[in-house]
Amino acid sequence: MSASTTTSTHGTSAEYQADTNVGKIANFVDTRVGLSPIIKEFGRKIFPDHWSFMFGEVALYCFIILLLSGTFLAFWFDPTMATTEYTGNYVPMQGVEMSAAYASTLHISFDIRGGLFLRQLHHWAALLFSVAIMVHMARIFFTGAFRRPRELNWVVGCLLFVMALVAGFSGYSLPDDVLSGNGLRIVDGLARSIPLVGAYISMLIFGGEFPGHAIIGRMYIVHVFIVPVIILALIVVHLFMVVVHKHTQFPGPGRTENNVVGFPVGPVYAAKAGGFFFIVFGVLAAIASMVQINAIWNYGPYDPSPVQAGSQPDWYMLWTDGALRLMPGNWPFNWEWDLFNLVSLPMAVLLPILALTVFVIGMFIWPWVERWVTKDNRVHNILDRPRNAPTRTGLGVAAMVYYGVLMIAATGDLIATHFHVAVNDVIYLLRFLFFFGPIIAFIITRRICLSLQRKDREIVLHGRETGRVQQLAHGEFIEVHEPLDEYRRYTLVSYEDAQVMPAQENAKGKITGSEKVRGRLSRFFYEDRVAPVTPTELEAAHHEHAHDVDQLESAGSTSTRH
Amino acid sequence: MKALSQKRRHPLALLALLMCALLLTGGLYAVATTTNQAKAADDYTASEVDEGSKLFIANCSTCHGMNGEGSDAGPSLVGVGAASVEFQVGTGRMPMQMQGPQAQVKPEQFTDEQTRQLAAYVASLGAGPAVPEDEYLDVTQGDPANGAKVFLANCAMCHNAAGAGGALTRGKYAPSLMGVDEAHIYEAMQTGPGNMPVFNDANITPEEKRDVITYLKSIDNNTDPGGFGLGSLGPVSEGLFIWTIGLLIIIGFAVWLTSRSA
């Protein structure tokens with residue numbers, strides 16, 4: 001505080017002197033900016049080891065690779081729709097009239113050294129980015145990692161998922177080939193389907209009638225500036241919350257709600273994560289150099305008239321395309337509704353949008369739905385094994401089937417040609433599965449979870465079946481069970497025994513309508529459940545087995561008789 | 001003349017006039033245009049027609065009738081021309097193995113000579129598109145850039161931008177165009193087999209047809225510039241690749257990294 005004290009500290013000879021040059025530089029910097037407490041704190045942050053915890057990292061690394069490769073592409077890409085003629089190396093497009101955006105993309109692909117590689121790296125990284133996000137989300141969902149205190153981080157993750165779609169789609173639209181133009185045409189159609197203001201919104205987006213001369217430039221700013229900045233900001237918040245909350249962990253001996261068992265960032269995870277970045281980069285670079293992606297030279301410059309066979313968006317947008325493809329046009333009646341002859345309601349577009357919106361909203365609010373139903377407001381740092389939350393796991397798989405059906409619906413024509421079936425039949429089947437697939441998936445998944453839980457109980461109570469059948473002294477045959485070691489047993493029994501919580505009275509002693517609904521949902525969640533093995537049950541089972549083993553030992557002499 | 005002028009205000013007069021005008025323009029157009037008028041198959045000999053007739057009766061008449069007049073099972077072949085026969089028989093689609101949504105490609109049943117004889121016979125039934133001349137099949141004279149333009153504007157909707165083929169309704173499909181003989185591509189455009197529309201010479205000139213063939217052969221012969229092409233099917237096969245092989249590789253490394261405790 002006072003000047004004299006400060007001087008005296010600086011004056012002492014006890015100040016740390018580094019021996020090596022690196023040490024001296026580091027010490028110089030540290031004494032100026034004082035980072036060491038932060039690094040010390042962060043370096044002691046613990047990460048548990050599990051392969052499924054790595055996908056968020058994969059997404060992060062993909063994003064970094066996207067920034068690097070995208071910057072290279074931006075040096076050469078011309079985001080304008082001015083008409084030009086291609087004069088580069090690719091023969092079939094020579095002299096063809098096209099937009100500057102398309103011409104410069106061809107230019108990057110065929111005339112810039114390393115251009116095609118970086119284009120492909122960028123695109124493959126975008127695909128892996130969205131795959132990693134989705135797998136990461138599935139991991140979070142099925143292990144219950146979105147529960148308190150991580151609900152808000154789940155929302156940030158959902159926002160990142162949505163932004164990844166926007167980033168991907170805006171990038172897919174940039175080269176101005178026929179395929180990307182078809183995608184924009186659908187956006188135009190979706191905008192127009194909005195009642196009353198649709199046409200205005202479309203005009204606003206495209207700067208006039210579709211396709212206009214403005215959209216590529218606008219998409220470009222969205223793609224290289226707005227969305228990356230938002231994603232970057234969200235990633236910062238996401239990671240900050242991960243540090244604040246600390247990492248979750250699977251149940252196991254020595255793992256509690258108040259600790260994290262794993263390895264620290266420094267030096268173990270810093271090395272692992274750093275190495276993993278280069279692995280992801282290497283894998284993507286290998287794919288980009290060996291496997292072709294988005295052959296825009298095949299599609300030709302955008303022309304609003306043709307829609308080519310096999311026109312599909314990138315995989316992460318397939319489900320939106322699929323929703324439109326599943327919707328019947330005028331069966332069993334005309335879906336083009338007219339409200340009082342004033343407002344046109346193109347339900348064939350609005351209903352598919354609704355199907356997508358339901359999914360996205362459900363995703364965002366799920367943590368609160370589950371919290372409301374289960375009335376579980378406790379902090380959870382220990383993850384659920386998916387089987388130990390059968391209803392949640394079932395609902396998650398149902399959502400995956402719902403998403404999957406929509407995604408597959410966009411590929412109906414390719415299924416038809418490759419499996420030699422009629423495209424109509426594919427669509428009929430998928431329409432059925434759209435409604436009933438999730439229900440079937442839910443029932444089957446929940447049953448599988450319950451069976452797995454029963455299997456766990458069985459193993460805990462009776463040990464592992466060894467397949468060795470022995471005869472007891474009195475002639476009885478038994479199979480020898482190998483008792484479980486207590487570490488494995490801990491993992492199998494240490495889950496929460498969630499039970500139905502019926503509708504509760506409120507402070508006025510009244511059971512409200514919403515509380516009744518909650519009670520019913522709680523029954524739906526936990527009515528069928530397999531309780532974890534209790535110590536008493538375990539004790540009883542051990543007695544029984546000890547009895548067997550005793551008999552076996554006493555029968556030892558007789559077993560040698562043959 | 002007076003009678004006619006008196007009736008000029010008859011309610012149906014306008015309709016009659018319209019009919020006359022339509023018939024006249026249509027008729028004149030049919031006379032003036034030669035686009036669909038294939039040259040008669042002059043260069044077929046009488047003996048080829050004879051041999052063709054025998055082959056036809058033995059192999060095709062069950063469905064197409066004894067004189068190619070057609071039946072419930074197959075269309076009339078009068079006026080379909082030699083090009084149609086060369087395409088259908090030359091690619092093995094005819095004789096058809098079984099009725100279905102569309103004729104399937106299979107190993108050809110006839111030799112080139114026999115196919116020619118069948119073509120000669122069918123051409124003799126009525127004038128139709130003839131087999132293309134060699135100069136229109138010579139890809140060294142074609143312009144692939146113009147071919148790409150014509151192809152993307154007319155063919156890619158069904159056959160996919162890279163000619164990989166695509167689905168049509170109710171089990172029909174547009175086949176892949178990779179590895180298809182030049183003459184067969186030309187004849188298909190000329191005759192419109194199955195669900196395919198006819199692209200006659202007014203629609204796509206013989207030179208443009210040659211350009212299309214040149215373009216198709218150029219993407220057929222050129223390896224994909226970006227590496228393995230994944231069947232030229234676009235984003236779906238790319239998505240499948242990243243979800244299967246790509247994701248498996250990443251999972252493999254993730255398992256490896258986390259299983260090695262420090």
Side-chain angles (χ1 to χ4, degrees), chain A residues 49-55 58 91-96 109-110 116 120 124 127-128 131-132 135 178-179 263 268 272 275-276 279-280 283 287 289-295 297-300 303 305-315 318 410-414 416-417 421-424, chain B residues 101 144-149 151-154 156-174 176 215 218-219 222 224-230 232-243 245-247 249-251 253-262:
Chain A
D49 256 343
H50 194 275
W51 64 270
S52 70
F53 296 168
M54 305 293 270
F55 292 104
V58 175
V91 178
M93 284 295 153
Q94 281 167 3
V96 176
S109 307
F110 294 107
L116 182 56
Q120 301 204 134
W124 280 119
L127 294 200
L128 186 62
V131 168
V135 176
V178 171
L179 201 58
F263 294 99
V268 181
K272 279 194 184 191
F276 198 36
I279 287 173
V280 172
V283 168
I287 292 174
S289 58
M290 287 189 282
V291 190
Q292 178 171 292
I293 188 164
N294 197 17
W297 50 89
N298 282 338
Y299 304 123
D303 166 358
S305 62
V307 178
Q308 296 155 350
S311 285
Q312 272 107 357
D314 274 343
W315 81 260
L318 281 176
T411 71
D413 53 334
L414 293 174
T417 49
V421 288
V423 68
N424 305 57
Chain B
N146 187 47
K149 220 159 108 184
F151 183 84
L152 293 174
N154 294 285
M157 296 87 201
C158 301
H159 286 288
N160 163 309
L168 302 175
T169 52
R170 309 246 169 239
K172 295 186 282 274
Y173 62 94
S176 162
Y215 170 66
S218 85
I219 53 177
N222 290 346
D224 286 306
F228 179 50
L230 298 173
S232 300
L233 295 173
V236 172
S237 49
E238 293 155 11
L240 195 61
F241 180 88
I242 201 71
W243 266 107
I245 296 173
L247 185 60
I249 294 173
I250 295 294
I251 289 179
F253 277 114
V255 170
W256 176 66
L257 268 178
T258 48
S259 67
R260 304 207 144 208
S261 294

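In this text, all values refer to a predicted model and were calculated from it rather than measured experimentally.
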Can you name the nearest heavy-atom pair linking [X] to [Y], along with the distance?
{"X": "A:N294", "Y": "B:E238", "result": "N-OE2, 2.8 Å"}
{"X": "B:L152", "Y": "A:M93", "result": "CD1-CE, 4.1 Å"}
{"X": "B:D224", "Y": "A:Q292", "result": "CB-OE1, 2.9 Å"}
{"X": "B:A148", "Y": "A:P92", "result": "CB-O, 3.7 Å"}

Quiz item: Atom CE of B:M157 and atom OG of A:S305: how far apart are they, to the nearest 0.5 Å?
Solution: 6.0 Å

Quiz prompt | Distance, nearest 0.5 Å, that separates CH2 of A:W51 from CD1 of B:I251 | solution =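 A:W51 atom CH2 to B:I251 atom CD1 measures 5.0 Å (nearest 0.5 Å).
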
Per-residue contact mode, [X] against chain A (heavy atom under 4.5 angstrom):
{"X": "B:L233", "result": "both"}
{"X": "B:L168", "result": "backbone"}
{"X": "B:S218", "result": "side chain"}

Exercise. Mind telling me whether B:W243 and A:W315 have parallel, tilted or perpendicular rings, with 30° and 60° as the class edges?
Key: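 Ring orientation of A:W315 relative to B:W243: perpendicular.
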
If I measure from the heavy atoms of chain B, does [X] come under 4.5 Å with its side chain, its backbone, both, or neither?
{"X": "A:V131", "answer": "both"}
{"X": "A:P306", "answer": "both"}
{"X": "A:L128", "answer": "both"}
{"X": "A:V58", "answer": "side chain"}
{"X": "A:I279", "answer": "side chain"}
{"X": "A:V283", "answer": "side chain"}
{"X": "A:Q312", "answer": "both"}
{"X": "A:F53", "answer": "neither"}
{"X": "A:D303", "answer": "neither"}
{"X": "A:I287", "answer": "side chain"}

Self-check item: For chain A, the option from B:I249, B:L230, B:I250 that forms the most heavy-atom pairs under 4.5 Å
Solution: B:I250

Quiz item: Do you know which of B:G239, B:A254, B:P144 has the most heavy-atom pairs under 4.5 Å to chain A?
Solution: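 Between B:G239, B:A254, B:P144, the count favours B:A254.
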
Using a cut-off of under 4.5 Å on heavy-atom pairs, state which of [options] scores highest against chain B.
{"options": "A:A410, A:A422, A:A309, A:P313", "result": "A:A309"}
{"options": "A:W297, A:Y299, A:W124", "result": "A:W124"}
{"options": "A:L318, A:L179, A:D413", "result": "A:D413"}

Quiz prompt | Backbone of B:L257 reached by a side-chain donor or acceptor of A:K272 within 3.5 Å | solution =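 Checked: pair present.
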
